[in-house]
Amino acid sequence: MIHRLSTLFLRTLRDDPAEAEVPSHRLLVRAGYIRRAAPGGYTWLPLGMRVLQRVEQIVREEMNAIGAQEVHFPALLPREPYDASGRWTDYGPNLFRLQDRRGVDYLLGPTHEEMFTLLVKDLYSSYKDLPVWLYQIQTKYRDEARPRAGLLRGREFVMKDSYSFDLDDDGLQRSYDAHRAAYVRVFERLGLDVVIVKAMSGAMGGSASEEFLAPCASGEDTFVRCTSCDYRANTEAVRIGVPADGDAAKAPAAKVVDTPNTPTIETLVNLLNSRDDLRRTDAPWAAGDTLKNVVVMLRHPDGRREALAIGVPGDREVDMKRLEALVIPAEVEPFGDGDFASRPALVKGYVGPDVLGAGKPLGIRYLLDPRVVPGSAWATGANKQGQHIVNLVCGRDFTADGVADVAEVRDGDACPMCGAKMRIERGIEMGHVFQLGRKYAEVLGLNVLDEKGKQRVVTMGSYGIGVSRAVAAIAEAAHDELGLRWPRSVAPMDVHVVIAGKPGDDTAPAAEKLAADLAAAGLEVLLDDRAGVSPGVRFKDAELLGMPMIVIAGRGVTNGVLEVRDRIAGTTVEVPIAQAAQHVIAVYA
RNA sequence: CGGGAUGUAGCACAGCUUGGCUAGUGCGCCUGGUUUGGGACCAGGAGGUCGCAGGUUCAAAUCCUGCCAUCCCGACCA
């Protein structure tokens, strides 16, 4: 079909919109694909709609191909199911809540686990009905505290979410694998390079969870990638490479030393290095030789507070996100002055292993960073104001209740699989596959009868793809300084035909003929037939709009040729007019 | 929620410090003409509650107070 630029609802902007920072936002607005309509909400203009629909269609086809079935829920949802799952409150301020005229509570769906679970419960009750995979492509609503980066993080966005329902863990694993494989195909077709990283499965229990990230500087997710093997994980889930056990067991006995005014690691290291009696012969003391014991308060869902101590090498901070991921569903709170006051045995700035551990009088659970291996020696707090202990050897002089891999992750940290260095990168979360387990089925009462006539709780998986976000992610990955460069699979049009001659010459008829031939072959053609627009403007717009192929009917027409530009490869060839249509069609064959 | 910035035409911005005629410039838009291979030119035009409310003043885009909104960084969140 031919789409004429003279009538297309489109206005390109010469200047970048001031509020747009990231490339996708800037270009999608400037090229007339989207317009901001509300904070975190965007209007899709005709060209943008076409991209969105093509992305949707690819997702739909791959979901259908594995046997998933499409349904559609309202965006406006009743409160009751979300009360049952606890998410009416657990979701917090990010949930859009509203009331109807009678004061009845509703919400705008942020995800639809409850609705899918209830739908299956409504209709199915036998193991013979399983497995079943359902999905929808829907607008989701989240009251983000700070929408940003255009389509990348809105308060309203299009998401494909699917849910698998199985009788047992083996079935769940098969459902998970099928979705994971489908996702690989989806992103391949979208032309998006994605990295699959291990993610936390959180409170929902045990099993697998992986994220599909599109590596990108504008991304909000941080992940690590091993430079040697294929280990990848996000920063919550990453496990750190552990050094070999130390040989310090034969080291000098641990010794308490006076270290006045050293409440921080830095002041401690400076003092150790400045004192002749404490200075080390082999190397100066470094922050990494000290053991920092961080105490926090956990607040459990039942309201109980529990103190927890984490020992990490002194050159690292505890990463609160990683810690929260470890202790979920408990929340982490700072250890306040009042908490110190009620435990005089803990001296702020001088906390040491001597008083820590579930078996000690304080009863504070004590977890160690995995790098604190048996036989390693440390300088650490002596639990007295102005005193530290040196040569305190793990395993010989102190033990802990377990391991907590929650220290900050750094570029160059060791891979847990092969020990090589890992790189830190950023990415956009494009998809998430997740073995939900039985949480929702349990609270919402989704049971089926098994072959022995017994009630069994169904186990679920949930799988999401950010559809509107994918449009932005593709734009992030596929653009240059001139504009967008859509992959053929999602481009709003296949070919952009430009009339670049003078009115009344042969260029317009040549372009019209070509456009008609291409359209007859089933291609979507954008024809720049605007009157009174200079060639320079047409070229700039063609490059900005980003169709994968641009054909120019210009001064070459007098010599019987058209100019064919590959916007992706950046190449230009001249093709005889008579063969131009075939040339283009062949690319799409 | 904390920090920073900004709000003037569809877009990008100037004007505000030091209040003063009809609020300006570029792009875009309309009319006419000249142009036509890299965001053309000439002439004429349309388009503004200067974020909102209040205050000071003879006079407010400009000064004061409050509010709102948007953007950026962080916190939070997938």
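Proteins come first, then strands; the chains are lettered A, B, ... in the order of their sequence lines, and each starts at number 1. The figures that follow rest on heavy atoms only: side chains count, while hydrogens, waters and symmetry mates do not.
Between A:Tyr42 and A:His25, the gap from one ring centroid to the other is short of 6.0 Å.
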- prompt: Stepwise, does the ring-ring contact (aromatic ring centres under 6.0 Å, His included) test hold for A:Tyr33 with A:Trp486?
  reply: CA-CA 12 Å; A:Tyr33 283 71; A:Trp486 296 110; 5.6 Å; yes
- request: Determine, stepwise, if the pair A:Tyr135 / A:His72 fulfils ring-ring contact (aromatic ring centres under 6.0 Å, His included).
  value: CA-CA 8 Å; A:Tyr135 74 98; A:His72 193 85; over 10 Å; no
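Between B:rG48 and B:rG15, the two C1' atoms lie 15 Å apart (nearest whole Å). B:rG51 and B:rU6: their C1' atoms are spaced 11 Å apart (whole Å). Annotation: B:rU49 and B:rU62 have their P atoms spaced 16 Å apart (nearest Å). A gap of 13 Å separates the P atoms of B:rG45 and B:rG24, to the nearest Å. Spacing between B:rU18 and B:rA60 at atom C1', rounded to whole Å, works out to 14 Å. If you take atom P in B:rG28 and the same atom in B:rU56, they sit 45 Å apart, rounded to whole Å. B:rA61 and B:rU8 have their P atoms separated by 15 Å, with the value rounded to a whole Å. With both ends at atom P, the span from B:rG33 to B:rA23 equals 33 Å, rounded to whole Å.
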Show each protein N/O and nucleotides 40-45 of chain B N/O combination with a separation under 3.5 Å, one pair to a line.
unit_1, atom_1, unit_2, atom_2, d
B:rA40, OP2, A:Ser534, OG, 3.3

Output one line per pair: protein atom, nucleotide atom from nucleotides 23-25 of chain B, and distance, for all N/O pairs under 3.5 Å.
none

What's touching nucleotides 70-76 of chain B from the protein side, N or O pairs under 3.5 Å?
unit_1, atom_1, unit_2, atom_2, d
B:rC71, O3', A:Glu19, O, 3.4
B:rC73, OP2, A:Arg146, NH1, 3.4
B:rC73, OP2, A:Arg146, NH2, 3.0
B:rC73, N4, A:Arg146, NE, 3.4
B:rA75, N6, A:Arg148, NH2, 3.4

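For A:Asp16 against B:rA12, no side-chain N or O and base N or O form a donor-acceptor pair under 3.5 Å.
Interatomic distance, A:Glu56 CD to A:Met49 CE, rounded to the nearest 0.5 Å: 7.5 Å.
Relative orientation of the A:Phe116 and A:Tyr163 rings is tilted, given thresholds of 30° and 60° on the angle between their planes.
The interatomic distance linking A:Ile550 (CD1) with B:rG38 (P) rounds to 16 Å, in whole Å. Rounded to a whole Å, the CG atom of A:Asp15 is 8 Å from the P atom of B:rC13. The CG-C1' distance, from A:Leu213 to B:rA78, rounds to 11 Å in whole Å. Counting to the nearest Å, the P atom of B:rG37 and the CG atom of A:Leu482 are 19 Å from each other. When rounded to the nearest whole Å, the span between CG of A:Leu10 and C1' of B:rC11 equals 14 Å. Taking atom CG of residue A:Asp528 and atom P of nucleotide B:rU36, one finds them 18 Å apart after rounding to whole Å. Put simply, CD on A:Glu113 is 11 Å from P on B:rA78, counting in whole angstrom units. In this structure, A:Lys502 places its NZ atom 6 Å from C1' of B:rU36, rounding to the nearest Å.
Searching all strands for a Watson-Crick or G-U wobble partner of B:rA60 with both distances below 3.5 Å returns nothing. With a 3.5 Å ceiling on both atom-pair distances, B:rU36 lacks any Watson-Crick or G-U wobble partner. When Watson-Crick and G-U wobble pairs are counted only if both distances are under 3.5 Å, B:rG44 pairs with B:rC30. Nucleotide B:rA5 has B:rU70 as its partner under the Watson-Crick or G-U criteria, with both atom distances under 3.5 Å. In this structure, B:rC21 forms no base pair with any nucleotide, since neither Watson-Crick nor G-U wobble geometry is met with both distances under 3.5 Å. Across all strands shown, B:rA75 forms no Watson-Crick or G-U wobble pair with both distances under 3.5 Å. The pairing partner recorded for B:rU65 is B:rA53, the criterion being a Watson-Crick or G-U wobble arrangement whose two distances lie under 3.5 angstrom.
Closest to the A:Arg35 side chain, of the nucleotides B:rG10, B:rA78, B:rU36, is B:rG10. In this structure, of B:rG37, B:rA78, B:rG38, it is B:rG38 that holds the atom nearest to the side chain of A:Glu543. Comparing atom distances between the A:Arg11 side chain and each of B:rC29, B:rA12, B:rG37 picks out B:rC29 as nearest.
Scored by the salt bridge (Lys or Arg N to Asp or Glu O under 4.0 Å) test, A:Asp517 finds A:Lys513 as partners (sequence neighbours excluded). Partners of A:Lys292 by salt bridge (Lys or Arg N to Asp or Glu O under 4.0 Å), not counting sequence neighbours, listed by chain and number: A:Glu317. With sequence neighbours left out, the ring-ring contact (aromatic ring centres under 6.0 Å, His included) criterion links A:Tyr463 to A:His179.
At least one cation-pi condition fails for A:Arg155 and A:Phe96: the charged atom is not both under 6.0 angstrom from the six-membered ring centre and inside a 45 degree cone around its axis.
Of the possible polar contacts, one joining the A:Asp505 side chain to the A:Thr507 backbone as a donor-acceptor pair under 3.5 Å is found. No donor-acceptor pair closer than 3.5 Å links the side chain of A:Ser24 to the backbone N or O of A:Glu476. Looking only at distances, no side-chain donor or acceptor of A:Arg11 sits under 3.5 Å from a matching main-chain atom of A:Arg30. Formation of a donor-acceptor pair under 3.5 Å by the A:Arg530 side chain with backbone atoms of A:Arg538 is not found in this model.
If A:Pro503 and A:Lys540 are placed on RNA chain B by their nearest nucleotide, the residue sitting closer to the 5' end is A:Pro503.
Counting non-hydrogen atoms under 4.0 angstrom, A:Arg565 reaches a base of the nucleic acid.
The pair A:Asp221-A:Arg426 fails the salt-bridge criterion, with no side-chain N (NZ, NE, NH1 or NH2) lying under 4.0 Å from an Asp/Glu carboxylate O.
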